Enquirer: 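Encoded as structure tokens, here's the structure I'll be asking about.
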Amino acid sequence: MPVARPETSDARVIAHVDMDCFYVQVEQRKQPELRGLPTAVVQYNEWQGGGLIAVSYEARRCGVKRSMRGEEAKAACPDIQLVQVPVARGKADLNTYRTAGSEVVSILAQSGKCERASIDEVYLDLTDAAESMLADAPPESLESIDEEALKSHILGINREDGDDFKESVRDWICRKDADRRDKLLGCGIIIVAELRKQVLKETEFSCSAGVAHNKMLAKLASGMNKPAQQTVVPYAAVQELLTSLPIKKMKQLGGKLGTSLQTDLGIVTVGDLLQFSETKLQEHYGINTGTWLWNIARGISGEEVQGRLLPKSHGSGKTFPGPRALRSLSNVQHWLNQLSEELYERLSSDLEQNKRIASTLTLHATAFRSKDSDSHKKFPSKSCPLRYGVTKVQEDAFNLFQAALREYMGPFGTKPQGNKKETWRITGLSVSASKIVDIPSGTSSIMRYFQSQSTIPSCSTSGCLQEHVAVTPSASESCSEQKSAETEAAMPPDKDMSITDTSPDLDNSYGNMDMVPEKDVSCQSNEATEFPTQSGSNKGTQTKTSGQKIKEKSRGMHSVVDIFKNYSAAPRSKQETQEDSTVSLTSNRGSLSSSTSHSSEMNKEVGDRRETEWGYKVGEIDQSVFDELPYEIQREFRSFLRPNKRPNAGKSKGDGSASSGIAHYFPPLKR
DNA sequence: ACGGGTGACACC
DNA sequence: TGGTGTCAC
């Protein structure tokens, strides 16, 4: 699965910045009295003291390790301070850590291309910055070198002898006869040291870093001297570093592939790997992975730093181990509601802070079937278009679950196999949102994407759009009677922490699956209109929530989601994919209310040519589709239609031309 | 059948 | 595609 990326010819300067026991630091910043004490962050304290997810270095010295239980940690290190992960909606809530991670990213993103690799890790491409420094103010010209930079570990430079190691570091950095690549790394050292100091100053978090010519080596280096230190891999040190390195230490080789290398080919160290020809490796692992392996054995990796500061998906999940497994639909629904709420909260802030909307909702679950044969059949994951609105996400998630459950339990209708009821247990649930696209920034997003519609070369005609949209799937093919009242009543106010599932189990049997209709059924959402499921393609997610919507879609309605999808498919004008370095922390750059004079001018244009220039008519977007828009977009849409009421109407001419004729197509704002 | 909750990515 | 599997922190 790793894929080979040949090294670019020019030497790059890549840094990997890794926060030291990040969750612990976040908690210690919140509670400074914990600083310096052996500390661990733990979640779910009920069972054996909860599971550790971060351990301070003081605690590590006591022998505490990640993946210990809280009680073990206490045994190993009686003084350890255990801090619990915040809990919301009955599940771990990692938002404080995400936010803290964003703080760091927004600092690190200032100096070059930046990739948020995980919640506490960042890659930086400092090539440009290093080259500039080399040109304008090379290290040898500086009268003093940053003290932090002088503390760097430079592979290949002996650091043991005495306390003049800083001198040797200085010498290395300033060597004027050095290879250009080394000079660039020398600049990188100084830049990274500076960045780390800035991170420490502005966030109080310490971090470690690796500086090298590619991501793989930088990543390797960042872990070599922790905490709060940085390590550099000069080109000349690569071979020595790698030859004795166990392959399992290399990223991507920590799992099955690494094991296979070891057991099938007898490869333990990268040096061993070096002995194998590229073709030999390809024979065993395919062309891509083979080449990739051959390359990394030589320290070659051309993987680029992706300019991405924001996640590409959001997910919310929870496991229900052993005795806590979910055994009833109503309990599953309850938890899906909780997960969906959290997910939606995060989607909302992504929209507000980053102006992005997600378009796909996916449900994952892990399950077991108690009786019966192939019990390791996987529970299928299912996805559908994401409709904005908490209850919509909740409904869709539940519908996806039911569709998947039917598939999982088999194509038998409502009858149990034999006389025993076949039962299921759910041990893990998660909902996630993906395919996140930027909304055209600033103001008038709606108009811009309308405009973009007419400029998309390949797929701008309404015919194409229509076809695309006509069968916009949603989660409700399996749309069951929601029986929400019943469910609500049946659901005990979350006593879930009790060891067993205490909720009623009435509906846990496939024999009782009448509430998960196999065939068509009337879909009772709020506006419940009856409709037939599409006959042939009973394939899971092919129908719309309401019959009304189906009808209207087939008349040529357009889903806003599709519009956005098409928009994002068009070449963006934005040159670099790197977002603003102001990420989320700086809570928002102008909410939609911050409009510009641009908008009024656009409005005028819009007023007259609405139906001719664009591939379709504004009025063709019906209410149900409108409802799928994120609330903020609805709001903007509305202001677009009624310029006089636009938030900063002051600047607008507000000719009102659109206000009467079109506005009635659109319902009151709904959340 | 506890390493939990999240994420990215390659493959088909 | 959407769905699956792997990997990592």
Side-chain angles (χ1 to χ4, degrees), chain A residues 1-5 16 18-23 41-44 46-55 65-70 72 84-87 91-95 97-98 101 115-123 219 222-223 248-260 285-289 292 303 306 308 310-325 339 342-343 346 360-364 366-368 370 375-385 400 404 407 425 427-436 468 473 539-542 565:
Chain A
M1 313 119 103
V3 73
R5 308 234 188 265
H16 179 256
D18 197 346
M19 307 307 294
D20 304 320
C21 54
F22 188 47
Y23 292 9
V41 175
V42 40
Q43 58 190 6
Y44 302 133
E46 306 78 25
W47 194 68
Q48 294 185 11
L52 271 51
I53 56 175
V55 180
K65 301 203 291 204
R66 220 181 359 232
S67 160
M68 270 179 158
R69 310 298 309 189
E72 301 174 67
Q84 283 184 252
V85 169
V87 171
K91 66 178 293 297
D93 181 357
L94 304 184
N95 275 326
Y97 311 121
R98 287 193 190 94
E115 173 182 342
R116 182 177 184 162
S118 79
I119 200 168
D120 68 342
E121 280 178 290
V122 157
Y123 287 97
K219 163 85 179 167
S222 70
K248 287 247 164 197
K249 301 273 187 188
M250 309 258 319
K251 193 168 161 133
Q252 300 297 320
L253 296 185
K256 295 186 174 183
L257 181 54
T259 302
S260 164
Y285 299 105
I287 186 124
N288 276 333
T289 303
W292 178 80
E303 228 182 300
Q306 305 297 311
R308 182 176 43 76
L310 300 172
K312 304 171 87 166
S313 66
H314 301 287
S316 174
K318 180 171 171 59
T319 57
F320 307 93
R324 291 188 187 174
L339 298 175
E342 189 200 319
L343 177 61
R346 285 162 57 193
T360 300
L361 176 71
T362 306
L363 175 125
H364 295 271
T366 58
F368 295 91
S370 298
S375 88
H376 30 282
K377 179 176 177 184
K378 301 269 176 185
F379 196 91
S381 44
K382 293 286 163 202
S383 55
C384 71
L400 288 174
E407 192 174 314
R425 295 173 304 142
T427 57
L429 274 181
S430 88
V431 292
S432 56
S434 58
K435 302 197 179 139
I436 303 179
H468 185 200
K539 193 174 168 1
T541 54
Q542 288 297 314
K565 281 181 189 163

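Please read all numbers here as calculations on a predicted model, not as lab measurements. To find a chain, count down the sequence lines: A is the first, B the second, and so on, and within it residues start at 1.
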Enquirer: Report the distance from atom CG of Asn288(A) to atom P of dT6(C), rounded to the nearest whole Å.
Expert: 17 Å

Enquirer: Under 4.0 Å between a side-chain N/O of Lys219(A) and OP1 or OP2 of dC9(C), yes or no?
Expert: yes

Enquirer: Quick one: side-chain hydrogen bond (donor to acceptor under 3.5 Å, both in side chains) partners of Thr259(A), sequence neighbours excluded?
Expert: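 Applying side-chain hydrogen bond (donor to acceptor under 3.5 Å, both in side chains) to Thr259(A) gives Lys248(A).
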
Enquirer: Using heavy atoms to find the nearest nucleotide of DNA chain B for Ala117(A) and Tyr23(A) separately, return the residue whose nucleotide is more 5′.
Expert: Tyr23(A)

Enquirer: When the distance from CG of Asp18(A) to C1' of dC9(C) is rounded to whole Å, what number comes out?
Expert: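 Those two atoms, CG and C1', are 9 Å apart.
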
Enquirer: Which whole-number value in Å describes the distance from Leu343(A) CG to dG5(B) P?
Expert: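 These atoms are roughly 15 Å apart.
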
Enquirer: Report yes if a side-chain nitrogen or oxygen of Tyr44(A) is closer than 4.0 Å to either non-bridging phosphate oxygen (OP1 or OP2) of dG5(B); otherwise report no.
Expert: yes

Enquirer: Taking Gly315(A)'s backbone N and O only, do any of them form a donor-acceptor pair with Arg346(A)'s side chain (distance below 3.5 Å, no angle check)?
Expert: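 Judged by distance alone, yes, a pair lies under 3.5 Å.
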
Enquirer: Mind checking what makes side-chain hydrogen bond (donor to acceptor under 3.5 Å, both in side chains) contact with Asn288(A), not counting sequence neighbours?
Expert: none

Enquirer: Would you compute the distance between atom OG of Ser316(A) and atom NZ of Lys91(A) and round it to the nearest 0.5 angstrom?
Expert: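 Going from OG on Ser316(A) over to NZ on Lys91(A), the span is 3.5 Å.
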
Enquirer: Taking the side chain of Lys91(A) as heavy atoms from C-beta outward, which of dT6(B), dA10(B), dC11(B) is closest to it?
Expert: dT6(B)

Enquirer: How would you label the contact of Gly322(A) with the nucleic acid (heavy atoms, under 4.0 Å): base, sugar-phosphate, or nothing?
Expert: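 No contact at all - Gly322(A) keeps every heavy atom at 4.0 Å or more from the nucleic acid.
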
Enquirer: Roughly how far, to the nearest 0.5 Å, is the OG atom of Ser222(A) from the CE atom of Met19(A)?
Expert: 12.0 Å

Enquirer: Is the phosphate of dA8(B), meaning OP1 or OP2, less than 4.0 Å from a side-chain N or O of Ser313(A)?
Expert: yes

Enquirer: Does Ser432(A) make a side-chain N or O approach to OP1 or OP2 of dG7(B) shorter than 4.0 Å?
Expert: no

Enquirer: Can you check the distance between dG5(C) and dA1(B), where both ends of the measurement are the P atom (answer in whole Å)?
Expert: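 It comes out at 16 Å once rounded to the nearest Å.
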
Enquirer: Counting side-chain heavy atoms from CB outward, which of dG3(C), dG4(B), dG2(C) is closest to Ile53(A)?
Expert: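 Looking only at heavy atoms from C-beta outward on Ile53(A), the closest nucleotide is dG4(B).
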
Enquirer: Indicate, with a heavy-atom threshold strictly under 4.0 Å, whether Gly51(A) touches base, sugar-phosphate, or nothing.
Expert: nothing

Enquirer: Ignoring the backbone of Ser383(A), work out which of dG7(B), dG3(C), dA1(B) is nearest its side chain.
Expert: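 Nucleotide nearest to Ser383(A)'s side chain: dG3(C).
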
Enquirer: Which residues pass the side-chain hydrogen bond (donor to acceptor under 3.5 Å, both in side chains) test with Arg69(A), sequence neighbours left out?
Expert: none

Enquirer: Check the distance between dC2(B)'s P and Leu52(A)'s CG and give it to me in whole angstrom.
Expert: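 After rounding, the reported distance stands at 18 Å.
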
Enquirer: To the nearest Å, how far apart are Asn95(A) CG and dG7(B) P?
Expert: 9 Å

Enquirer: Heavy atoms only, 4.0 Å cut-off, all strands: where does Met250(A) land among base, sugar-phosphate and nothing?
Expert: sugar-phosphate

Enquirer: Fill in the dot-bracket string of DNA chain B, one character per base: . for unpaired, | for a pair to another strand, ( ) or [ ] for pairs within the strand, taking Watson-Crick or G-U pairs under 3.5 Å.
Expert: ....||||||||

Enquirer: Looking at residues at least two apart in the chain, or sitting in another chain, which of them share a ring-ring contact (aromatic ring centres under 6.0 Å, His included) with His16(A)?
Expert: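 So His16(A) forms a ring-ring contact (aromatic ring centres under 6.0 Å, His included) with Tyr123(A).
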
Enquirer: Of all the choices, dG3(C), dC11(B), dT6(B), which nucleotide is nearest to the side chain of Ser316(A) once you look at every atom?
Expert: dT6(B)

Enquirer: Rounded to the nearest 0.5 Å, what's the gap from CG on Leu52(A) to OG on Ser67(A)? Could you check?
Expert: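 Rounded to the nearest 0.5 Å, the CG-OG separation comes to 8.5 Å.
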
Enquirer: Among dC9(B), dA8(C), dT4(C), which nucleotide has an atom closest to any side-chain atom of His364(A)?
Expert: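 Nucleotide nearest to His364(A)'s side chain: dT4(C).
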
Enquirer: Verify the contact: side-chain N or O of Lys251(A) to OP1 or OP2 of dA8(C), cut-off strictly under 4.0 Å; return yes or no.
Expert: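 Answer no for this pair, as no side-chain N or O of Lys251(A) is under 4.0 Å from OP1 or OP2.
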
Enquirer: Does dG7(B) have OP1 or OP2 sitting under 4.0 Å from an N or O in the side chain of Arg98(A)?
Expert: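 Yes, such a contact exists.
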
Enquirer: Could you check which of dG5(B), dC2(B), dG7(B) has an atom nearest any side-chain atom of Pro321(A)?
Expert: dC2(B)

Enquirer: Do Glu72(A) and Lys65(A) meet the salt-bridge criterion of a basic N to acidic O distance under 4.0 Å?
Expert: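 Judged by the 4.0 Å cut-off on N to carboxylate O distance, Lys65(A) and Glu72(A) do not form a salt bridge.
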
Enquirer: Apply side-chain hydrogen bond (donor to acceptor under 3.5 Å, both in side chains) to Thr427(A) and list each qualifying residue two or more places apart in sequence or on a separate chain.
Expert: Thr366(A)

Enquirer: Students often get this wrong, so: under 4.0 angstrom with heavy atoms, is Glu342(A) touching a base, only sugar-phosphate, or nothing?
Expert: sugar-phosphate

Enquirer: Roughly how many Å is it from CD1 in Ile436(A) to P in dC9(B), rounded to a whole number?
Expert: 13 Å

Enquirer: Using whole Å, report how far CG of Leu257(A) lies from P of dG5(C).
Expert: 17 Å

Enquirer: To the side chain of Thr319(A), which of dG5(B), dC9(C), dG3(B) is closest?
Expert: dG5(B)

Enquirer: Hey, does Leu253(A) reach any base, or is it just sugar-phosphate, or nothing, if we go heavy atoms under 4.0 Å?
Expert: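 Result for Leu253(A) = sugar-phosphate.
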
Enquirer: Between Lys312(A) and dT6(B), does any side-chain N or O lie under 4.0 Å from OP1 or OP2?
Expert: no

Enquirer: Nearest to the side chain of Arg308(A), which nucleotide is it out of dA1(B), dA8(B), dC2(B)?
Expert: dA8(B)

Enquirer: Just the rounded figure in Å: distance from C1' of dC2(B) to CZ of Phe320(A).
Expert: 13 Å

Enquirer: Given dT6(B), dC9(C), dA1(B), identify the nucleotide with an atom nearest to the side chain of Asp120(A).
Expert: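 Of the options given, the side chain of Asp120(A) lies nearest dC9(C).
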
Enquirer: Base, sugar-phosphate, or nothing: which does Glu121(A) touch, judged by heavy atoms less than 4.0 Å apart?
Expert: sugar-phosphate

Enquirer: 5'-most contact on DNA chain B: Arg69(A) or Asp93(A), nearest heavy atom basis?
Expert: Arg69(A)

Enquirer: Arg66(A) side chain: which of dG3(B), dA8(B), dT6(C) is closest?
Expert: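 Of dG3(B), dA8(B), dT6(C), dG3(B) is nearest to the side chain of Arg66(A).
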
